[in-house]
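Note sheet for the following structure.
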Amino acid sequence: MRQLSTQDADFDSQLTELLAFETVNDADLLKTVDDIIAKVRHGGDRVVLELTQQFDQHPATTIQALELSQEALAEAFINLDDVVKTALTTAATRVQNFHERQIQETWQYEDELGNRLGQKVTALDRVGIYVPGGLASYPSSVLMNAIPAKVAGVKEVIMVVPAPKGVLNPLVLAAAHLAKVDRVFTIGGAQAVAALAYGTETIPAVDKITGPGNKYVAAAKRAVFGQVGIDMIAGPSEVLVYAEGEAQDCADWLAMDLLSQAEHDRIAQAIFVTTSEKQLKEVAIEIEKALAKLPKADIARDSLKNRGALILVKDREEGMAVINRVAPEHLELSVDNPDALLDSIRHAGAIFMGRHTPEAIGDYCAGPNHVLPTSGTARFSSPLGVYDFQKKSSIIYCSETGSKPLAQTADILAQHEDLEAHARSARYRYKS
């Protein structure tokens, strides 16, 4: 795991290299995805079934066999161990409670001319959610995508989840039941994204696609954007843990927080930033100790080697500058008074405040969404939320009296833009 210091002469270039990552710009990848999308658009159900058999070795022989019934989802939930059932229900309840606070309402006001202006908020009609599949799958992703959609008022939620060799994690199905997903298809990859975007004889076209997936899914979402909305182009997951070497800090806690991200993927990113050289060395030692006992040590080790870093900063001000430069998906502030730092944080997907708030809690059950901007896009993007499943229409009502002064203004501006029909249209309202 590389070690950097802001005092290094080449620190800026080293940090730039560390953060450099292209998600979906490989020409061969894009061509493969474009070909799959074209085949699905023209071949519909038949192609989706063939590609699912080819890529996932799914035993289904008809497209209908790829859809799961509501009874199957309910049975998966009923058959859960009571402890797991309680945990999943707790997580779902907390996610719903948080997202209910994000609901936006239609509003209007009357201006001084007697005109009525406002904004109408409407839920999307139908959305598709992509959930990673197989045995190593994520029921939490079901909750984080489907619940905000339902809270927003989306009429129909269509879920796609790959089932390699027909195998699915029952927890994923149970989560779909809890989140009130309307239809579930066991398909994945670019073909699933294409089916959701353009529709087939069996799979309905949606208005927006959300949810994480592999590079083929990310590339496909980018390719169909415009035909449908998307949440984001998600890259590998990231965490940045910031600490200042206080006596209460436990190096083993900090090391495990970094490893909890590194075990996700060989290209996941875990960065530790500290003002204490002693603490940096202690965390490095604890990481090695923990790797010796971690089940996914090979994945975590590759992740730390490929994209991880321990960064020493001179002081808090430098630490905040590094954080905002990285714009991490997950940011942990492992300090005594994290509120004192909050105003300095401009770019982060989710901010975990204090030593007792690890990213792991946010991933599952804190309540806020775990679908977050990656690869520095927290500079301009937000977590997935209810607002992603609502759209807005402007409301403009002009009274006969209130229209006249606005029409005069529009007439003048239209003439200066050389749009005569606009000018005359406005002119009728105050010269008639």
Side-chain angles (χ1 to χ4, degrees), residues 1-4 15 18-19 21 87 91 132 134-141 144 212 214 234-246 248-313 319 322-323 326-335 338 348-366 370-372 374-375 378:
M1 192 174 183
R2 73 188 78 183
Q3 297 189 18
L4 309 178
L15 186 57
L18 176 69
L19 301 178
F21 190 86
L135 289 175
S137 50
Y138 305 102
S140 55
S141 290
M144 297 292 180
N214 62 20
S237 196
E238 313 151 355
V239 69
L240 188 153
V241 178
Y242 175 79
E244 295 180 341
E246 288 115 338
Q248 305 95 312
D249 278 325
C250 300
D252 54 344
W253 289 24
L254 297 170
M256 198 57 69
D257 288 359
L258 295 164
L259 288 168
S260 71
Q261 190 61 247
E263 72 175 355
H264 261 302
D265 195 318
R266 296 182 195 277
I267 52 174
Q269 185 161 68
I271 297 174
F272 179 59
V273 178
T274 178
T275 58
S276 166
E277 185 172 3
K278 176 176 179 289
Q279 185 181 51
L280 184 144
K281 293 177 179 177
E282 289 173 348
V283 169
I285 291 169
E286 290 298 330
I287 287 174
E288 287 303 317
K289 286 183 183 177
L291 280 170
K293 300 178 181 178
L294 203 64
K296 294 188 176 181
D298 289 346
I299 293 174
R301 196 179 294 279
D302 282 352
S303 169
L304 296 177
K305 180 181 178 181
N306 293 334
R307 305 193 66 223
L310 304 168
I311 300 177
L312 180 65
V313 294
V322 169
I323 288 169
V326 175
E329 177 188 15
H330 307 94
L331 170 64
E332 290 188 16
L333 299 176
S334 185
V335 295
I351 305 170
F352 297 80
M353 307 279 283
R355 295 181 181 83
H356 299 283
T357 317
E359 179 206 324
I361 289 177
D363 278 349
Y364 296 108
C365 56
H370 79 191
V371 180
L372 301 165
T374 61
S375 303

Do [X] and [Y] come within less than 4.5 Å of each other through their side chains, counting heavy atoms only?
X: Val241; Y: Val283; value: no
X: Glu238; Y: Leu372; value: no
X: Met1; Y: Leu310; value: yes
X: Arg307; Y: Ile267; value: yes
X: Pro236; Y: Gln269; value: no

Pro328 and Ala378 have their tightest heavy-atom pair at O-CB, 4.2 Å
Between Ser141 and Pro212 the two heavy atoms that sit nearest each other are OG-CG, 4.2 Å
In Å and rounded to the nearest 0.5 Å, what is the [atom1] to [atom2] distance from [X] to [Y]?
X: Ile311; Y: Phe272; atom1: CD1; atom2: CZ; value: 10.5 Å
X: Glu244; Y: Thr275; atom1: CD; atom2: OG1; value: 5.0 Å
X: Lys281; Y: Gln279; atom1: NZ; atom2: CD; value: 13.0 Å

Quick note, salt bridge (charged side-chain N to carboxylate O under 4.0 Å, His left out) partners involving residues 354-366, not counting sequence neighbours, are Glu246-Arg355, Asp249-Arg355, Asp336-Arg355
Residues pairing under salt bridge (charged side-chain N to carboxylate O under 4.0 Å, His left out) where one sits in residues 252-272, two or more places apart or in two chains, turn out to be Arg266-Asp302
Next on the checklist: Let's go through His356 and Ile361 carefully: what are the C-alpha distance in whole Å and the side-chain angles of both, what is the deciding distance for side chain to side chain contact (heavy atoms under 4.5 Å, CB included) to 0.1 Å, and is it a yes or a no?
Outcome noted: CA-CA 10 Å; His356 299 283; Ile361 289 177; over 6 Å; no
Across all chains, not counting sequence neighbours, the salt bridge (Lys or Arg N to Asp or Glu O under 4.0 Å) partners of Lys278 are Glu282
